Every structure is written in structure tokens, then in C-alpha cells.
Amino acid sequence: MKKKAEWPRKLRSQEWYGGTSRDVIYHRGWMKNQGYPHDLFDGRPVIGILNTWSDMTPCNGHLRDLAEKVKAGVWEAGGFPMEVPVFSASENTFRPTAMMYRNLAALAVEEAIRGQPMDGCVLLVGCDKTTPSLIMGAASVDLPSIVVTGGPMLNGYFRGERVGSGTHLWKFSEMVKAGEMTQAEFLEAEASMSRSSGTCNTMGTASTMASMAEALGMALSGNAAIPGVDSRRKVMAQLTGRRIVQMVKDDLTPSDIMTKHAFENAIRTNAAIGGSTNAVIHLLAMAGRVGIDLTLDDWDRCGRDVPTIVNLMPSGKYLMEEFFYAGGLPVVLKRLGEAGLLHKDAITVSGETVWDEVKDVVNWNEDVILPAEKALTQSGGIVVLRGNLAPKGAVLKPSAASPHLLTHRGRAVVFEDIDDYKAKINDDNLDIDETCIMVMKNCGPKGYPGMAEVGNMGLPPKVLKKGILDMVRISDARMSGTAYGTVILHTSPEAAVGGPLAVVRNGDFIEVDVPNRRIHLDISEEEMARRLAAWEPNHDLPTSGYAWLHQQHVQGADTGADLDFLKGCRGNAVGKDSH
């Protein structure tokens with residue numbers, strides 16, 4: 001365990017606020033126009049509350065209220081809180097996709113911290129990309145930082161049935177196409193999907209990343225599952241405000257917490273909760289920011305033998321509200337520890353080990369958090385497939401897949417991009433049946449651009465009307481954490497850079513062998529070489545702005561799709577005075 005720093009000591013904020021020089025008076029004097037008394041600048045910890053609230057990020061629409069609770073906690077602990085609005089990448093608003101802006105948000109957060117007089121940071125997050133982007137930015141500067149999430153929405157209900165945000169959107173949409181639900185009923189169901197403040201109430205990407213933050217040790221124990229409108233969410237925010245002040249005094253930083261063992265704990269946790277495949281790309285990027293060598297092989301190695309014990313949509317039947325009532329993530333971490341699947345000595349933001357935090361918790365509902373022998377799947381980790389179609393890997397979530405399709409050989413039906421898919425999928429003349437494998441190209445980090453959540457391609461109506469609910473789907477895209485199906489994602493290298501996916505043709509046969517981690521395009525090596533040599537890019541390239549920067553510097557999904565000049569850029573937190 002890291003030795004605590006001496007206290008009191010001179011903090012970083014005193015570079016701005018301490019002393020009587022002209023430059024200090026410039027910084028301090030302007031701050032006083034908000035009515036701050038002089039003694040607040042006496043060297044106490046200045047805490048930046050980095051708030052991703054936005055009217056256009058509905059998942060985070062209640063974070064201003066939570067920020068006030070964080071401030072209260074900071075004041076109580078003797079700190080000086082300052083709320084700072086930061087880039088908020090909304091999954092349900094941004095086009096072409098919020099993922100394109102995750103790295104921009106991380107860069108903006110990094111510089112907001114580095115360039116301003118903060119001694120520690122509270123990362124106030126919720127929607128899918130806000131959690132990884134703020135952790136990435138904070139990790140790059142490596143000041144004491146702690147996460148508090150906005151929490152999930154309350155359960156949705158439609159005609160007596162639990163409605164999971166996202167999950168039922170996909171389900172009801174397919175029912176409309178199959179003629180099992182009217183458009184009017186679909187619109188009626190819309191009102192039940194998002195009935196309170198908070199993020200998705202399924203184990204989608206937002207809840208997954210909240211769980212990842214807690215499993216990594218970057219949030220207080222129990223943070224992930226508290227509903228957004230529950231009073232205990234406000235208590236968590238206030239306690240987080242108190243805790244960050246002590247973290248500054250102790251100099252407990254992200255690099256102390258986000259170790260290789262912490263990431264392995266998070267990977268196993270993701271398997272146990274049936275978490276989103278998006279966790280793969282985000283944890284790889286976060287690890288890169290703290291210089292941890294994390295790879296796709298670690299995902300397969302750590303998650304392969306972990307059963308999925310959290311019975312939540314899209315893999316199971318319950319929602320985040322029930323998960324919280326059952327005991328939440330601490331129960332899952334305790335189960336992992338009891339099974340020998342947890343690095344118990346990993347340090348958390350509390351200053352205690354993860355095992356000290358969870359060893360005495362109780363599971364209050366064993367139908368929500370299942371015994372291992374009743375797991376949804378005994379091998380719940382994210383599967384990494386490799387072969388001539390994905391030399392650098394592709395991922396699949398087995399807990400959301402159809403068991404009978406995990407070993408499958410089928411004829412490829414190819415869509416060159418998302419527009420080609422939309423133009424063809426509803427055509428009754430499309431030559432496709434349930435034995436085929438749907439393949440979509442040019443939806444990766446460079447191709448879409450930004451790698452949108454379009455990998456869970458809806459099935460053609462002619463197949464849905466036969467009662468078929470799943471087919472094998474392959475792409476270089478991502479998939480919403482709320483979605484389900486036998487969907488192979490993140491195929492690397494992506495089509496837009498000339499990966500093998502780019503040269504798949506209609507009628508080719510593809511073999512998928514999940515138990516043996518294999519994905520193979522059934523053509524000869526010579527034919528593959530000929531096709532790749534003849535390939536030419538066919539997607540438009542941006543010529544200016546962030547889109548150009550992203551296109552020039554984004555890396556592949558297999559390494560986290562971060563910008564190449566940002567990996568391993570940790571440290572250098574003290575800003576230079578220009579006055």
C-alpha cells in the first residue's frame with residue numbers, strides 16, 4: 001500500500017492562489033468577485049467538480065443537483081469546491097456517434113484539470129461515454145480523482161411487463177417489423193421506457209461503466225447501482241465530496257488505484273454482471289492512459305471462466321433497481337473474492353482494499369444475483385475471436401448470444417456500410433435466410449467515423465415473420481450495451497483501413513467457432529491476398545476540424561480506439577503562469 005503523503009504541505013493550487021505577488025493577486029482577486037472570503041485561499045484543498053450535466057445529455061440531466069451535494073461534502077471536510085462544466089458526449093444525442101467524441105471529451109477534461117488550480121477532482125458522470133472520458137482525462141493528469149455516477153433510472157413498465165431502456169426499444173422495433181406490434185402500441189410503449197432521471201436501467205453501457213469504475217476502485221463501494229432518484233444517491237455524492245479532500249491530503253491518485261490487478265478485477269466483474277462489450281474498448285483506453293499493458297488477450301484470459309450471475313437485461317430478466325435492492329456490485333465482488341477470482345488487496349479510493357469494502361455484505365435476492373450453479377452462463381466473459389477475418393481480434397458477449405449459434409457456418413450477406421444496410425434490409429427480394437451470416441463493413445473507428453452502435457443489425461422482416469429472433473451478425477462496429485443477440489463486434493483491423501472484413505463478398509462462407517475462439521472466412525490464402533491487394537478505400541475523408549484530427553490519429557478497436565498521441569501521457573499536472 002502506498003505511504004500517505006505528509007500533511008499539511010503546499011498544494012498545487014497555491015501556485016495560483018498563495019502569496020502576494022502580482023500574478024497571485026491577479027488569480028485570487030478575480031475569484032473574489034464571486035464573494036469568496038480571503039481565508040478560503042489559505043492552502044486548503046481546491047476540489048474541481050467536473051460536471052457533465054447538459055440539457056442535451058438526458059441521462060445526466062440531474063447532475064447539477066448532485067453537484068450541490070458533492071460541494072456540501074467538500075465544505076464539510078475542509079476543502080474548497082469549484083464546479084467546472086466539461087464536455088458531455090451524449091449517447092442519445094450526438095451524431096454521427098458519441099464514441100467519436102469520447103477522445104475529444106477526454107482531451108478537454110485533461111486540459112481543464114491541467115490548466116486550472118485543482119488539487120483533486122470529483123468526476124460527475126453518467127451517460128455511456130462520460131464515465132470513460134473523464135476517467136481517461138483524469139488519469140492522464142494523475143491528480144487525486146474519484147467518480148460519482150448519476151445512477152440508473154427506475155424500472156419501466158408497459159402493460160404489466162418490465163421495460164428495459166434500450167433493450168425493449170430493440171425488441172419492440174423487431175416486433176413491429178414482424179407484425180406482432182402496431183406502430184401505435186410502439187409509441188404508447190415509448191412513454192414507459194424512461195420514466196425518471198438517470199441512465200439506462202438495464203446492464204447497458206452506462207451501468208456497466210459505473211460498475212467498472214467501482215470495480216477498478218475509482219468510486220466508493222456501492223456507487224454503481226443506486227437509482228438516480230433515490231435519496232441514497234445524494235448521500236453517495238456528499239460522501240464522495242468528503243472523501244476527495246482526504247484523498248488530496250493523502251495524495252492518492254488514479255495511478256495508485258488503476259493497477260493491472262484492478263483492471264483484471266474489472267474484467268472479471270464485467271463477466272459476472274453480463275456487462276457491455278463497450279467495456280472492452282473503454283478499459284483498454286483507460287489502461288493506456290495510466291501506462292498499463294492491457295490487451296484483448298487479458299479479456300479472454302480473465303473472463304473465460306467467470307459465470308454471469310447478475311440476472312439483468314439484456315442477458316436476464318431484471319433491471320438495475322432490483323440489482324440495487326439485492327445488494328448491488330459489492331455482492332458481486334464478494335462472490336468473485338470467495339471464488340478466488342478477485343485480487344483482494346487492490347486499493348480503492350476509500351484507502352482500503354476492495355476486500356475490506358465487500359467481505360461482510362449480504363445478498364438480499366438470489367434470483368437477481370444468482371448462485372454460481374444457477375448462473376445465466378458458466379462462461380460469461382467477453383469472448384475474443386481470431387482468425388483470417390479478424391487477425392487482431394473481434395469480440396462477442398456470450399451471455400446475450402444464442403447457444404445454438406455459437407458454432408455456425410453460414411453464407412455471407414454483405415452490407416458495405418450502414419446506408420447500404422438500411423437500403424436493403426427491408427427488401428423481400430433480399431437473398432437471405434436465418435442460416436446466413438450478416439456482415440457489415442466500414443463502421444469502425446475510422447470508417448463510420450467514430451464506430452457507432454450499429455453492430456446489432458435488425459433482422460430482415462422476411463426472417464422475423466418466421467419467428468426467428470437471432471442470426472449471426474459480424475461487423476467492425478460497436479453494439480449498445482442494452483442490445484442482445486449473437487453479434488460479433490469490433491472486428492480488427494477494420495474495413496476502412498483495408499482489414500480482411502473489407503473484402504468479404506456476398507456468397508462467401510464464414511465459420512464461427514466460439515468455443516475454440518475462431519472466426520474464419522472460407523477462402524484460400526491466395527484469394528485473400530488477391531482481394532486485399534485490389535482493395536481501395538471507399539469512404540469519405542474529412543478535411544478539417546476534429547473529424548480530421550480523429551481520422552488521422554484514432555487507433556484500432558483492439559487497443560481502445562484512443563488517439564495515438566494521448567496514450568501514456570500521464571503527469572505534468574502543474575500549469576505554467578503566463579501573466
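Each residue takes its place number in the sequence, starting with 1. All figures in this text were calculated on a predicted structure; none of them were measured in a lab.
Look at Lys260 and Asp293 and you find no salt bridge, because none of the NZ, NE, NH1 or NH2 atoms lies under 4.0 Å from a carboxylate O. A salt bridge links Asp522 to Arg409: at least one charged side-chain nitrogen sits closer than 4.0 Å to a carboxylate oxygen. Ionic pairing of Asp562 and Arg289 is present here: one or more N-O contacts between side-chain nitrogen and carboxylate oxygen are shorter than 4.0 angstrom. Electrostatic pairing of Glu322 and Arg162 counts as a salt bridge here, judged by a charged N lying under 4.0 Å from a carboxylate O. By the 4.0 Å N-to-carboxylate-O rule, Asp431 lies close enough to Arg411 to be salt-bridged with it.
Using a 4.5 Å heavy-atom cutoff, the side chains of Glu188 and Arg159 are in contact. Residues Met153 and Ser194 form a side-chain contact, since some pair of their non-hydrogen atoms from C-beta on lies under 4.5 Å apart. A 4.5 Å side-chain heavy-atom check between Glu174 and Met181 finds every atom pair outside the cut-off. Two residues are said to be in side-chain contact when any heavy atoms from C-beta on lie closer than 4.5 Å; Asp417 and Asn538 fail this criterion. Looking at Met212 and Asn270, their side chains come closer than 4.5 Å, going by heavy atoms from C-beta outward.
Between the side chain of Lys397 and the main chain of Gly274, a donor-acceptor pair closer than 3.5 Å is present. Looking only at distances, a side-chain donor or acceptor of Ser133 sits under 3.5 Å from a matching main-chain atom of Thr130. Formation of a donor-acceptor pair under 3.5 Å by the Lys446 side chain with backbone atoms of Ala495 is not found in this model. The backbone N or O of Asn265 sits nowhere less than 3.5 Å from a side-chain atom of Arg268 that would complete a donor-acceptor pair. Panel note: side chain Thr149, backbone Ala224; no donor-acceptor pair is recorded below 3.5 Å. Between the Arg473 side chain and the Met471 main chain, a donor and an acceptor come within less than 3.5 Å of each other.
If you take CD1 on Ile418 and NZ on Lys441, they are separated by 14.5 Å, rounding to the nearest 0.5 Å. Considering CE of Met218 and CE of Met258, their distance stands at 6.0 Å, rounded to 0.5 Å. Atoms OG1 and CG, from Thr486 and Leu405 in turn, are 4.5 Å apart once rounded to the nearest 0.5 Å.
For the 3.5 Å distance criterion, the side chains of Ser315 and Ser399 qualify, holding a donor opposite an acceptor. Counting only N and O atoms by type, the side chains of Glu453 and Asn278 include a donor and acceptor under 3.5 Å apart. Using modelled atom types and a 3.5 Å distance limit, the side chains of Trp548 and Thr543 yield no donor-acceptor pair. For Thr377 and Ser379, the side-chain atoms include no donor-acceptor pair closer than 3.5 Å. Ser88 and Thr57 form a side-chain donor-acceptor contact under 3.5 Å, judged by distance and modelled atom types alone.
The 12-atom threshold is not exceeded at CD of Glu525, counting heavy atoms of other residues, nucleotides or ligands nearer than 6.0 Å. Within a 6.0 Å sphere centred on CD of Glu527, other residues, nucleotides and ligands contribute more than 12 heavy atoms.
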- Under the salt bridge (charged side-chain N to carboxylate O under 4.0 Å, His left out) criterion, do Glu180 and Lys465 qualify, and how do the steps go? CA-CA 9 Å; Glu180 298 173 4; Lys465 289 174 182 177; over 6 Å; no
- Task: Please test Asn155 against Tyr318 for side chain to side chain donor-acceptor pair (under 3.5 Å), starting from the C-alpha separation and ending with a verdict.
- Result: CA-CA 9 Å; Asn155 286 3; Tyr318 292 108; over 6 Å; no
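The aromatic rings of His553 and Phe565 sit perpendicular to each other, their planes meeting at more than 60°, with 30° as the lower class boundary. Taking the six-membered ring for Trp and thresholds of 30 and 60 degrees, Phe94 and Phe87 have nearly parallel ring planes, at less than 30 degrees apart.
Ring-centre distance between Phe158 and His168: not below the 6.0 Å cut-off.
Residue pairs that meet the side-chain hydrogen bond (donor to acceptor under 3.5 Å, both in side chains) test with at least one member in residues 490-509, sequence neighbours left out, are Asp508-Arg531.
Contact record, Leu329 with Ser211: CD2-O, 3.4 Å, taken as the closest heavy-atom pair.
Arg301 pairs in a salt bridge (Lys or Arg N to Asp or Glu O under 4.0 Å) with only one of the listed residues (Asp298, Asp305, Asp297), which is Asp298.
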